[in-house]
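As the structure is a prediction and not an experimental result, all values here were calculated from the model. Just follow the structure's listing: the first ligand is 1, and inside any ligand the first atom is 1.
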Amino acid sequence: MQPLPKEYNFAEIERKWQSKWEEMSIYHYDWNDRKRVPFSIDTPPPYPSGELHMGNVLNWTYFDMVARYKRMQGFNVLFPQGWDCHGLGIEIQVEKTYNVRKRDVPPEQFRKWCMELVEKYIAMMKEGILKLGCSIDWTTEYRTMDPDYWRRTQLSFILLYKKGYMYQGTHPVNWCPHDETAIADAEVDYVKRDGVLHYIRFPFEDSSDYALIATSRPEFIPACVAIEVNPNDERYSKYVGKKIVVPIVNRSVTVIADECVDPAFGTGVVMICTYGDKEDVKTVIKHKLPVIMLLTENGHINENGGKYAGLTINQARATIVEDLTAAGLLEKTEKISQEIGVCDRCKAHVEILERKQWFMNTRKLTDAVEKTANEVVWYPDYMKNRLIDWAKSLDWDWVISRQRLFATPIPVWYCKNCGELILAKENWVPIDPKLENPHVEKCPKCGGKDFTAEQDVFDTWMDSSITCAVHAGWPDRADWKHLFPADVHPSGTDIIRTWAYYLIVRHLALFNEKPFKSCLINGMVLGSDGRKMSKSLKNYAAAPEVLNKNGADATRQWAAGGGATGSDIPYRAQDVEYGRRFLVKLWNASSFTSKLLADYKPDANAKLDLQPLDKWIISKAENLTKKVTEEFEKCQFNIAVEDIRNFTWHVFCDYYLEAVKDRLYNPDLSGTTKKLAAQDTLYQVLYRILQLLAPVAPHLTEEIYQHMFKDYKGFESLQVSPWPTFNAAIVDEEAEKNGDMIIATMTAFRNFKAENKQALNAQYSCLTINTGSDEYAKILKASFEDIRGTLKVNELIITPQKKPGGRQISPYDMYFEAKQ
Ligand SMILES: [Zn+2]
Ligand SMILES: [Zn+2]
């Protein structure tokens with residue numbers, strides 16, 4: 001056997017295997033294979049946002065461990081990679097980079113800039129993913145901004161429209177005044193901010209009395225359509241039905257009663273404005289109140305604001321407060337802390353606007369979503385409640401149209417004459433209705449020949465919420481159901497409400513089937529101090545730096561071992577360093593083993609005279625295999641990594657390797673079956689360690705495999721070697737128990753030497769072990785040569801005598817005495 005080089009050069013090894021694996025094309029999914037069972041990973045196409053960050057490292061390590069583990073188990077693994085290109089995030093970056101707003105330049109120019117930026121970001125992220133050593137099938141790579149992907153998004157829309165899931169409506173929607181677009185509930189973040197509560201007098205029409213109203217948004221007074229009190233509030237029930245004058249605009253509105261009003265908030269009298277918040281929307285619908293739209297799309301007051309028209313929201317608030325003060329209607333102000341909704345991209349305060357939009361009626365699927373969530377296996381299980389709670393909490397349908405540019409166009413036109421909607425036919429897509437007319441002679445309703453294109457575009461989640469079907473080959477492959485539903489959809493705790501939810505509603509509506517069989521959740525990566533990682537908190541770690549410094553295998557160990565699946569994981573440099581020390585230890589142990597095996601040739605038919613310690617570690621390796629397999633099955637990566645590392649470091653390196661060294665060096669034994677038994681055990685156990693560790697640390701394990709095992713095992717790569725199957729017949733509980741006692745004996749004497757500041761190989765003339773029982777003596781005597789050789793004693797006496805007083809061999813009631 002050829003010896004392993006002494007030095008472990010991770011940078012060189014990792015680069016080498018990353019390109020060799022690609023050459024071998026072992027990660028290629030075989031579309032025609034009908035023998036192996038397929039296993040499809042619904043890799044969420046990431047939003048290109050620049051370089052890979054530690055959160056990406058965490059989730060790609062998860063996907064990749066699953067892919068590698070399943071591949072070794074013999075599955076035909078599909079590990080695809082796409083890029084979710086469209087959307088606000090990129091548009092905002094382009095606006096910043098070129099210091100423009102979307103309307104300042106021709107749309108074609110703006111889109112070109114977006115595409116260039118996306119390509120730049122994809123290149124950066126891809127470099128990181130390659131460096132991490134992910135076993136992706138790059139022949140599957142796709143971009144949602146490509147017309148061929150538009151085709152899929154547009155087709156899914158056409159099918160859902162025909163099924164009655166898509167509708168247009170004028171409803172209140174969340175609106176980002178900065179980005180000037182509608183956004184979905186899932187894109188609204190809630191943050192705590194300081195605000196001011198203004199106590200304002202609203203005079204009654206027929207008396208000199210007034211109602212005191214507390215509001216944090218006095219700028220909405222011009223849009224006030226009613227005053228509301230709780231009918232059970234004794235202070236105010238007498239007001240119900242009375243007319244009240246809205247200050248500033250001098251319009252009268254009615255006091256209405258609703259049990260939803262919280263008598264304890266503010267004064268217990270509230271103004272209903274269209275729309276100050278989501279509660280207002282509910283009240284307007286319930287009481288059939290009129291609507292006064294006050295805001296423009298870019299967050300200014302419109303003509304309904306009278307003299308305040310043209311002001312920004314903040315300017316209007318200041319001016320109205322001034323006017324109220326001057327009129328003597330502002331009684332007092334009070335500081336409050338309030339929770340407000342902000343745009344998850346630009347952090348602008350989200351307003352509510354009523355505008356014609358496209359919706360998918362997702363809420364009618366809520367029961368089906370709950371049923372599906374219960375059918376799916378979640379890792380960890382409790383995460384399914386996040387999805388169910390979210391689905392049930394939704395007040396509004398999903399608004400799927402956006403007033404932006406860089407997105408998939410909605411394939412719809414309108415007849416200029418009669419307004420008839422013309423939906424693209426399934427074979428027209430991909431199509432941009434702004435550049436192409438519908439492929440019809442005339443309007444089917446009135447015969448008109450002029451059309452206008454739908455100006456709105458799709459929410460980017462419309463692209464990325466059909467990936468389970470797209471990855472399987474829909475709509476082009478007749479056999480796409482072979483890979484559908486996906487076996488696993490990986491998701492982060494932060495995107496369950498978007499990614500997992502949208503995937504489920506889209507696929508349920510389109511195919512009446514769940515999109516994935518299981519959902520693997522990763523938590524967020526926190527800074528080393530346990531706080532959210534951010535550059536300003538100085539607890540930020542850049543993934544490229546971490547990877548360059550420590551290599552992929554060490555970094556992956558941090559990701560796999562940093563915490564329970566689904567929990568938030570702090571990034572600690574010392575965890576990655578520990579991973580690296582472990583790899584060095586394994587490398588050195590393998591290098592040493594390769595020397596001990598210089599004259600060894602594996603022979604399956606050799607008769608082995610297995611010694612108690614050989615049986616001990618063989619049985620332990622078998623039990624480890626069982627445990628690690630179960631842990632990978634349950635996606636408990638952190639426990640698997642810990643178990644493999646403990647076994648390797650302690651059982652294999654510290655104990656076994658030390659305990660058989662003497663047997664292998666002993667010239668008297670050369671050529672005997674006892675030596676061969678140790679060599680064979682070392683060989684088989686090291687191979688087992690490499691296999692179990694292969695999904696976590698693929699590069700180092702491959703390098704060792706190629707040097708020491710490939711010639712005999714014959715697999716092109718360790719990554720395609722069959723995952724070891726647990727064999728209960730190999731487990732030998734008695735051998736494990738006996739071995740533990742032998743190891744304890746050796747450890748006790750070695751500790752004794754260490755305490756006396758002696759080298760471990762310090763020679764002793766006599767060692768007497770008083771076991772206190774015939775049974776124990778028999779066990780130790782069975783390993784007489786291993787004990788004597790390892791402990792460097794000339795004369796070893798093992799007696800069943802009970803003789804406390806010497807040094808104890810913990811945790812047994814055995815004692816030893818030594819003479820130098
Ligand atoms: Zn925004
Ligand atoms: Zn028409």
Side-chain angles (χ1 to χ4, degrees), residues 47 49 84-104 110 113-114 117 161 168 172-191 193 275 277-278 295-300 312-314 339-357 396 398-407 411-425 428 433 436-462 494-495 497-498:
Y47 198 76
S49 55
D84 184 19
C85 309
H86 290 136
L88 260 181
I90 290 291
E91 291 195 40
I92 291 170
Q93 283 302 318
V94 164
E95 288 180 341
K96 269 193 201 153
T97 308
Y98 295 93
N99 194 24
V100 292
R101 298 307 303 270
K102 64 174 177 179
R103 268 193 283 276
D104 298 346
F110 192 81
W113 281 340
C114 288
L117 188 66
Y161 183 91
Q168 267 183 309
V173 288
N174 299 303
W175 189 271
C176 175
H178 175 266
D179 298 324
E180 298 179 44
T181 181
I183 58 175
D185 283 337
E187 291 159 280
V188 180
D189 285 342
Y190 288 89
V191 295
R193 278 200 191 160
Y275 293 103
D277 57 27
K278 273 189 156 185
L295 301 181
T296 65
E297 294 182 354
N298 61 2
H300 287 67
T312 63
I313 294 169
N314 286 339
E339 193 169 67
I340 61 158
V342 298
C343 168
D344 72 348
R345 292 282 173 201
C346 74
K347 307 301 168 200
H349 191 154
V350 171
E351 300 294 349
I352 293 166
L353 248 60
E354 205 168 73
R355 193 185 181 286
K356 196 171 188 189
Q357 298 285 348
W396 298 347
W398 175 16
V399 53
I400 57 159
S401 48
R402 295 290 181 274
Q403 292 64 51
R404 298 296 307 188
L405 292 167
F406 186 49
V412 158
W413 301 258
Y414 305 94
C415 168
K416 264 190 185 162
N417 184 42
C418 74
E420 176 75 353
L421 182 148
I422 294 154
L423 176 72
K425 291 242 164 21
W428 297 359
E436 237 180 292
N437 266 329
H439 304 177
V440 289
E441 289 268 303
K442 51 186 198 296
C443 165
K445 196 170 165 197
C446 75
K449 291 197 168 165
D450 291 325
F451 306 98
T452 53
E454 169 64 66
Q455 296 299 307
D456 287 356
V457 291
F458 284 127
D459 175 5
T460 184
W461 287 107
M462 280 290 284
D494 57 334
I495 49 173
R497 68 182 189 176
T498 45

Taking the Zn ion (ligand 2) as the vertex, measure the angle between atom SG in Cys418 and atom SG in Cys446; round to 10°.
110°

Angle subtended at the Zn ion (ligand 2) by SG of Cys415 and SG of Cys443, nearest 10°
110°

Within 2.8 Å of the Zn ion (ligand 1), is there any N, O or S atom belonging to His178?
no

Honestly, is Arg345 close enough over Tyr47, meaning NZ or CZ under 6.0 Å from the six-membered ring centre and within 45° of the axis?
yes

To the nearest 10 degrees, could you say what angle the Zn ion (ligand 1) makes with SG of Cys176 and SG of Cys346?
100°

So which heavy atom on Thr498 is nearest to which on Ala186, and how close?
CG2-CB, 3.2 Å

Which distance, rounded to the nearest 0.5 Å, do you find between the CD of Glu351 and the CD of Glu297?
13.0 Å

Would you call the rings of Tyr98 and Trp113 parallel, tilted or perpendicular, taking 30° and 60° as the class edges?
parallel

Looking only at N, O or S atoms, find the one in Asp179 nearest to the Zn ion (ligand 1) and name it.
OD2

Do Glu420 and Tyr414 get their side chains close enough for a donor-acceptor pair, meaning under 3.5 Å?
no

